[in-house]
J.: 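Okay, here's the structure, questions in a sec.
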Amino acid sequence: MNVIVETVVVLFQVAYLWLQAIVLAFIPASYRSKDVAGETVLVTGAGSGLGRLLSIRFARRGCRLILWDVNTQGMAETAEMLRKLGSVPIAYTVDLSKKEQIYDTAEQVKRDVGEVDILVNNAGIVTGKKFLECKDELIQKTMDVNIMAHFWTVKCFVPGMLERNHGHIVNIASAAGISGVNGLADYCASKFAAVGFDESLRMEFLSMEKTGVHTTVICPFYINTGMFEGVQTRFPLLLPILDPDYVADSIINGVLTNTHIVMLPPAIAFVAALKGIIPVKCGMILSNFFGVNHTMDNFKGRQKRD
Ligand SMILES: NC(=O)c1ccc[n+]([C@@H]2O[C@H](COP(=O)([O-])OP(=O)(O)OC[C@H]3O[C@@H](n4cnc5c(N)ncnc54)[C@H](O)[C@@H]3O)[C@@H](O)[C@H]2O)c1
């Protein structure tokens, strides 16, 4: 196609998609949600926090749940909650920092249950120390759990999705995957990686014309699950510490509507847009003003299992 004609076509497409996005923003998610009843959903880190809440929500929608976590006890509690909802979950104890365990457990899942339709890469850890105070092993583990595990689970389960041209990968990243934060260097690096991984996968599926395989990346600010116990926010109206149920509901809405990226609270989308157009030094001053660089000053982290 002539490049001028192609430019005009692309401009029309961009304008159309902008308009579509604006119109869709006013239509409640429930009116444009896909049906996931009967689908097999694998949730990593299902033993507490978001993983547990997401498992419950998928079970309520009639999905078959596969739970993965290193915390066998927490996962048993989640499984019990699911059974009370009439679901029949299968739980696997697996350390996601170990590639071979991921591969072996994935093979076991395929033997026990078959292919996975929705893969939720949720498990995550945080060291919460200044970079030079982080032990090498903890930095390595953060990268292994927060991003390398996403690579390995995708390698295990996405070929089946591509073959069926049906599936959904949900990568739980963070607002720390959009903006760097003082005291979270290794965590931010792992979450920036998760955002880039999700976007690149989406591009690969597009180039393969696999329109039935979707990805959604989740970028929330701090959530009150205990993982970031002690963090503080300067302007709670603009950047609140988020309620876990609100985050879980927003993730489910994002998945059911095939949304590409979910940023919570909405102010995070503004940060992402602003970053590309203001001078870097302005961004640093604004980050200090909004208190983002002091959020970790009183960080304690998870004190006990919920
Ligand atoms: N809590 C927050 O403020 C916040 C904010 C943004 C993003 N996130 C992300 O959301 C996700 C869920 O976090 P959460 O708040 O529910 O935390 P959480 O600590 O409640 O849950 C994390 C789960 O991952 C599991 N896990 C940790 N290491 C593992 C390993 N090696 N193998 C298997 N499982 C392992 C834990 O046992 C736990 O059940 C994480 O990826 C986190 O980075 C959290």
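Below, all heavy atoms of this structure are taken into account, side chains as well, without hydrogens, waters or symmetry copies. This structure is a prediction, so every number in the text was calculated from the model and none was measured. Ligands are counted one by one from 1 in listed order, and the atoms in each one are counted from 1 as well.
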J.: Measuring from atom 39 (O) of ligand 1, which candidate in I223, D144, N71, D69 has the nearest non-hydrogen atom?
T.: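 When every heavy atom of I223, D144, N71, D69 is considered, D69 comes closest to atom 39 (O) of ligand 1.
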J.: Do D112 and Q108 have side-chain N/O donor and acceptor atoms under 3.5 Å apart?
T.: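 The criterion, which ignores hydrogens and geometry beyond distance, is satisfied for Q108 and D112.
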J.: Report the part of V145 in contact with ligand 1, treating N, CA, C, O as backbone and CB onward as side chain, heavy atoms under 4.0 Å; options are side chain, backbone, both, neither.
T.: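 Looking at V145 and ligand 1, just side chain atoms fall under 4.0 Å.
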J.: Hey, are R52 and E77 close enough for a salt bridge, meaning a charged N less than 4.0 Å from a carboxylate O?
T.: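 Yes, R52 and E77 are salt-bridged.
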J.: Look at ligand 1 and say whether F221 reaches it with a heavy atom at a distance under 4.0 Å.
T.: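 Distance cut 4.0 Å: F221 passes for ligand 1.
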J.: Would you mind checking if D117 and R164 are paired as a salt bridge, meaning a charged N to carboxylate O distance below 4.0 Å?
T.: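 D117 and R164: salt-bridged.
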J.: Could you see which bit of Y187 sits under 4.0 Å from ligand 1, with heavy atoms only: side chain, backbone, both or neither?
T.: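 Under 4.0 Å from ligand 1, Y187 contributes side-chain atoms alone.
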J.: Under a single-linkage definition using a 4.5 Å side-chain heavy-atom cutoff for Ile, Leu, Val, Met, Phe, Trp and Tyr, are V43 and I218 assigned to the same hydrophobic cluster?
T.: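 They do share one cluster, since a chain of ILVMFWY contacts under 4.5 Å joins V43 to I218.
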J.: If you take the nearest heavy atom of each of G49, A194, S48, which one is closest to atom 21 (O) of ligand 1?
T.: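 It is S48 whose heavy atom sits nearest to atom 21 (O) of ligand 1.
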J.: Tell me whether S174 contacts the main-chain N or O of K191 through its side chain, where contact means a donor paired with an acceptor under 3.5 Å.
T.: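 Such a contact is absent between S174 side chain and K191 backbone.
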J.: Aromatic contact between F289 and F235, with the criterion being ring centroids under 6.0 Å apart: yes or no?
T.: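 Yes - the distance between ring centres of F289 and F235 falls below the 6.0 Å cut-off.
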J.: So which bit of A173 gets within less than 4.0 Å of ligand 1, heavy atoms only: side chain, backbone, both or neither?
T.: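 Only the backbone of A173 comes within reach of ligand 1.
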J.: Pick one of side chain, backbone, both or neither for how I125 approaches ligand 1, counting any non-hydrogen atom pair under 4.0 Å.
T.: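 Just the side chain.
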J.: Is the closest heavy-atom distance from A175 to ligand 1 below 4.0 Å?
T.: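 Outside the 4.0 Å threshold, so no.
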J.: Indicate yes or no: does an N/O atom of K191 lie under 3.5 Å from an N/O atom of ligand 1?
T.: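 Yes; at least one N/O pair falls below 3.5 Å.
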J.: Could an N or O of ligand 1 be found under 3.5 Å from any N or O of M227, whether backbone or side chain?
T.: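 M227 vs ligand 1: no N/O contact under 3.5 Å.
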J.: Against heavy atoms of S174, which atoms of ligand 1 measure under 4.0 Å?
T.: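 Listed by number with element, the hits are 6 (C), 7 (C).
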J.: For atom 32 (N) of ligand 1, which candidate among I147, I251, L96 provides the closest heavy atom?
T.: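 Selected option, by shortest heavy-atom distance: L96.
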J.: Hey, is NZ on K141 packed in by over 12 heavy atoms from elsewhere, all under 6.0 Å?
T.: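 Atom NZ in K141 is not crowded, with 12 or fewer foreign heavy atoms closer than 6.0 Å.
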J.: Under 4.0 Å from a heavy atom of G47: give me the atoms of ligand 1 that qualify, with their elements.
T.: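 Those qualifying, in numeric order: 39 (O).
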J.: Regarding E39 and H166, do their side chains bring together a donor and an acceptor under 3.5 Å, going by distance alone?
T.: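 Judged by distance alone, the side chains do pair up.
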J.: Purely on distance, is any nitrogen or oxygen of L50 under 3.5 Å from one on ligand 1?
T.: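 Yes, at least one N or O pair falls under 3.5 Å.
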J.: Measuring from non-hydrogen atoms of G74 to any atom of ligand 1, is the shortest distance under 4.0 Å?
T.: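 No.
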J.: For the pair Y187 and F228, name the ring-plane relationship: parallel under 30°, tilted 30 to 60°, perpendicular over 60°.
T.: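 Ring orientation, 0 to 90° scale: perpendicular.
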J.: What part of N122 sits under 4.0 Å from ligand 1 if we count only heavy atoms: the side chain, the backbone, both or neither?
T.: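 Both backbone and side chain of N122 come within 4.0 Å of ligand 1.
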J.: Check the orientation of Y92 and W68. Use parallel for under 30°, tilted for 30 to 60°, and perpendicular for over 60°.
T.: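 Rings of Y92 and W68: perpendicular, as their planes differ by over 60°.
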J.: Any N or O of K141 that comes nearer than 3.5 Å to an N or O of ligand 1?
T.: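 N/O-N/O distance under 3.5 Å: no.
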J.: Can you sort out which atoms of ligand 1 are near V94, meaning under 4.0 Å from one of its heavy atoms?
T.: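 In order of number, 32 (N), 33 (C).
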J.: Does one side chain, of T127 or T142, offer a donor that lies under 3.5 Å from an acceptor on the other?
T.: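 T142 and T127 do not have a side-chain donor-acceptor pair below 3.5 Å.
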J.: By number and element, which atoms of ligand 1 are closer than 4.0 Å to a non-hydrogen atom of Y222?
T.: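 So the answer, numbered in order with elements, is 3 (O).
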J.: Begin with the C-alpha distance, continue with both residues' side-chain angles, and end with the deciding distance and a verdict on salt bridge (charged side-chain N to carboxylate O under 4.0 Å, His left out) for R83 and E80.
T.: CA-CA 5 Å; R83 275 191 283 274; E80 186 52 31; 3.5 Å; yes
